[in-house]
Amino acid sequence: MGVGSFFTSKLDEAIGWARKYSIFQYPFVTACCGMEYMATACSHYDIDRFGAGLPRFSPRQADVLFVVGTISQKIAPVLKRIYDQMTEPKWVVAFGVCTCTGGFYDNYATVQGIDTIIPVDIYIPGCPPRPESVIDGLMKLQDRIATQTQRF
Amino acid sequence: MEGRQILQRVRDRFGPAVVDSHEHRGDATAVVERAALIDALRFCRDDSGLDFDVLMDLTAVDYSKYPGREDGPRFDVVYHLYSVPHNHRLRVKVRVDEDEASVPTAVGLWPIANWFEREVWDMFGVRFSGHPDLRRLLMYEEFVGHPLRKDYPINRRQPLIGPKL
Amino acid sequence: MLGEGASAGAGGDQNMHIGVGPAHPAMHGIIRIQTELDGEFIRKADVEIGYLHRAFEKDCEVGGYNNAIPYTDRLNYVSPLINNFAYAAAVEKLLGIEVTERCQYIRTVMAEISRVCDHLTCIGASAMELGAFTVFLYMIKAREYLWELVEDVTGARLTISYGRVGGVKADLPDGFAPKMTAAFKETREVLDEVHRLLTGNRIFMDRMVGIGALTREETLGYAITGPMLRAVGVGYDVRRAQPHWAYDRVQWEVPIQKDGDNYARYLVRMAEMEQSMRIAEQALAMMPGGPINVDFEGKAIDPAAYVDQGKQGKTEGLLLVPIRLSPNLQGQNRPLHDRVNASDKRVVLPPKENTYGSIEGLMNHFMLIMEGYGIRPPLGEAYFATEGANGELGFYVVSDGTDRPYRVRCRPPCLPPLAALHRMIEGEMIADLIPTFGSVNMIGGELDR
């Protein structure tokens, strides 16, 4: 017991360390936040130095779903399907206030927060969030990933 | 051509079918009867002095809450025309009742009318007779109602999935 | 299985249905293209939009006239300043008021900066989709310099809400002219590099020349305006045809190409960026009241500029920089109002010192802000069009005499090219869909509103 849990906790840490520095994100880009996502991903603010520089454009190859931009009622089933297609372990980042709560679009066409449809790990508010906020959110996500325990 | 001259030309050709015309804030506007609408638009497009070869915009307005129009025809379908050779503009409007909310289609004149009319159908519920494929453009097919009408409350949710928040 | 369950094609072939989207890597937005393929060739394409419909037109009817400005920011979110100013100008046309000279020049300068940002994003993203990732990084680098400039003026990088009915939010900050010169110098260097990388590049030309072409009649029949229309040889530019703001007082050209294919559109956009920078420089030089040049050595800067510098990362020695604090109300020393807002009490908010200092100012402020009061244009309707980055961006505003707009319609410049997209891609190969879609520069916020 004691000795076994020492090894599994070290293994958890190692796996967490490896996972948090190799994030393959699926950027589900819809609207204006996409511009800030592009700015964060490019040379000036560079998320590649956090290990998150390779977006995988297929949900089956990705582990973090960045939902960037307003989710309308029409695309909500598509978002759910993309989330279902991702394999475990997976995390979801709600980027921008439209994905957190619906933003200022309190109307018939907008989903009032994607956490009504899929579970969310990190919320990055802002309309659009500055790249520094995005990097802060990414670092919080990395902390989350690093401390996640595995079920063997 | 000046706005006045454009309106004069249209009025000369169509006489009583031009119900109203004005140049509020410099925009030449002509309100025509529904029966003469397609002929009027075709005249605007083909006449060599007018030459309106571009249908810039096709939209509608729901006048049911407008002061002075609460009892009158509910919708106005608005066509914004532009001429590249002469660089002049014209706005053509047609008044449509709620019960017979239907207007002949302009798809034969300008191909872009296809999508603009689909959007008016989607948002207002005005049909376009003769349109090849009148389905919703911006909303999903399961949506009930026409959102830009004044009696559609802005917060009425009809989610496809998820809770009705 | 391949080919099964497909509709009958010509001669009994079975076409394959491939759906492109709505979530797909071409990062322009969410759109669904259902294609029927015969081998690699697209036989039929059905374009489905509306995945970003955010009820812009309905939302504008809920609040006052100035409340619609943040919604207009998010229409064409890569060039938000143009949307703001076009909407404000439509309401001003409805009201029948004129803005000040200086405001017209400011609007021209900021709109052109926004246009350059839009073209940079469009060309960068389409080049990335073809595999030229370096071009994307260079373009976004140039865009960052321009965004720092926009942030100095408006306070935000992307969703700026800078225009107001009757003017703009505030005057240009101190030291704008040298910053703009530096930003344009960087942008011109980037454009130079991109020209050397792409314009004569064999692979780029093979993928773009002759693809996605439309004839002149089709382009006009589909009401396509902007760079796509100028790429078929029709020199229609709203800034030239119906001059507004300061466009008729500066020297510039309308770039035109003949072929109408993707490569021609790329060349038109590259040339337009140079012309935009030319317009902005001339307008800044001719601005009445001067471009506010300031000598920075040892002078105190105002607090907002201090915060901006910190945000942009220029923090060397920042703690030693002296700040000029206003003695009573914050921001009072910066000329906010008098030169850039129309002097019409029914439309423009009074300066803060009048609001807090005199009863007339307080009542004026009250009558514009409180619910039920506000800007009340007379009954009527107006349509105002300006040249957006994709073409004619028009706002049709109907007023019923109250403080809320009765109907606001945005004529989206990128809806017509999308309606014509099926004509552009039918007959081409599936791989040609990507550069064609990139050259259309579809912006979801504007298309679906």
Kindly say whether C/Tyr383 contributes a backbone atom to a donor-acceptor pair with the side chain of B/Asp27 at under 3.5 angstrom?
-> yes

Which portion of B/Leu55 sits near chain C, non-hydrogen atoms under 4.5 angstrom = backbone

At a heavy-atom separation under 4.5 Å, does B/Pro111 approach chain C through its side chain, its backbone, both, or neither?
-> both

Contacting region of C/Glu57 [heavy-atom separation from chain B under 4.5 Å] = both

Under 4.5 Å from any heavy atom of chain C - which part of B/Met139 | side chain

For chain B, which of C/Gly235, C/Gly50, C/Gly394, C/Gly221 has the most heavy-atom pairs under 4.5 Å?
-> C/Gly221

Heavy-atom distance under 4.5 Å to chain B: side chain of C/Thr402, backbone, both or neither?
-> neither

Given a strict heavy-atom distance threshold of 4.5 Å, which part of C/Tyr406 is in contact with chain B: side chain, backbone, both, or neither?
-> both

Taking all non-hydrogen atoms of both residues into account, name the closest pair between B/Ile112 and C/Ala419 and its distance.
-> CD1-CB, 3.6 Å

Under 3.5 Å side-chain donor-acceptor pair for C/Arg407 and B/Thr59 = yes

To the nearest 0.5 Å, what is the distance between CD1 (C/Ile49) and CG (B/Leu137)?
-> 4.0 Å

Would you mind checking which part of C/Ala385 comes under 4.5 Å of any heavy atom in chain B, side chain (CB onward), backbone (N, CA, C, O), both or neither?
-> side chain

Best-contacting candidate, C/Leu229, C/Leu95, C/Ile224, against chain B by heavy atom pairs under 4.5 angstrom | C/Leu95

Please look at B/Arg136 and chain C and tell me whether the side chain, the backbone, both or neither of the residue comes under 4.5 angstrom of a heavy atom of that chain.
-> neither

Around atom CD of C/Glu426, are there more than 12 heavy atoms of other residues, nucleotides or ligands at under 6.0 Å?
-> yes

May I ask you to name which of B/Asn114, B/Asp53, B/Asp62 has the most heavy-atom pairs under 4.5 Å with chain C?
-> B/Asp62

Can you say whether B/Tyr140 sits under 4.5 Å from chain C via the side chain, the backbone, both, or neither, judging by heavy atoms?
-> neither

Which atoms of C/Pro413 come close to chain B, meaning under 4.5 Å heavy atom to heavy atom: side chain ones, backbone ones, both, or neither?
-> neither

Considering residues, nucleotides and ligands other than B/Arg156, do more than 12 of their heavy atoms fall under 6.0 Å from its CZ?
-> yes

Smallest heavy-atom separation, C/Asp59 atom then B/Ile154 atom, equals OD1-CD1, 3.2 Å

Please state whether the side chain, the backbone, both or neither of C/Leu379 comes within less than 4.5 Å of a heavy atom of chain B.
-> both

Taking atom NZ of C/Lys44 as the centre, does the number of heavy atoms from other residues, nucleotides or ligands within less than 6.0 Å exceed 12?
-> no

Does a side-chain heavy-atom distance below 4.5 Å link C/Glu61 with B/Leu148?
-> yes

For C/Val47, is it the side chain, the backbone, both, or neither that has a heavy atom closer than 4.5 Å to a heavy atom of chain B?
-> both

Portion of C/Thr219 that has a non-hydrogen atom of chain B nearer than 4.5 angstrom = neither

By a 4.5 Å heavy-atom criterion (distance strictly below it), what part of C/Glu381 contacts chain B: side chain, backbone, both, or neither?
-> both

In terms of heavy-atom proximity below 4.5 Å to chain B, should C/Leu415 be classed as side chain, backbone, both, or neither?
-> both

Verify, without hydrogens or angle tests, whether B/Arg25 (side chain) and C/Leu94 (backbone) share a donor-acceptor contact under 3.5 angstrom.
-> yes

With a 4.0 Å cut-off, would you call C/Asp400 and B/Lys65 a salt bridge?
-> no

Under 4.5 Å from a heavy atom of chain C, the part of B/Leu109 involved = neither

Within 6.0 angstrom of C/Arg346 CZ, more than 12 heavy atoms from elsewhere | no

Using modelled atom types only, decide if a donor and an acceptor are shared between the side chain of B/Tyr66 and the backbone of C/Ser399 within a distance under 3.5 Å.
-> yes

Relative to chain B, which segment of C/Ala55 carries a heavy atom at a distance below 4.5 Å: side chain, backbone, both, or neither?
-> neither

Segment of C/Leu418 engaging chain B (4.5 angstrom heavy-atom cut-off) = both

Side chain proximity check, C/Tyr236 to B/Val54, heavy atoms < 4.5 angstrom | no

Backbone N or O of C/Arg411 within a donor-acceptor pair of the B/Asp57 side chain at under 3.5 Å?
-> no

Give a yes or no on whether B/Glu142 atom CD has more than 12 heavy-atom contacts from other residues, nucleotides or ligands under 6.0 Å away.
-> yes

Backbone N or O of B/Arg149 within a donor-acceptor pair of the C/Lys58 side chain at under 3.5 Å?
-> yes

Honestly, the part of B/Val61 sitting under 4.5 Å from a heavy atom of chain C is both

Per-residue contact mode, C/Arg449 against chain B (heavy atom under 4.5 angstrom) | side chain

pair B/Trp110-C/Leu220: side-chain heavy atoms closer than 4.5 Å = no

Charged N-O contact under 4.0 Å between B/Arg118 and C/Glu48 = no

With respect to chain C, which residue among B/Met123, B/Glu119, B/Met56 yields the maximal number of heavy-atom pairs within a distance under 4.5 Å?
-> B/Met56

4.5 Å side-chain heavy-atom contact, C/Gln242 and B/Arg89 = yes

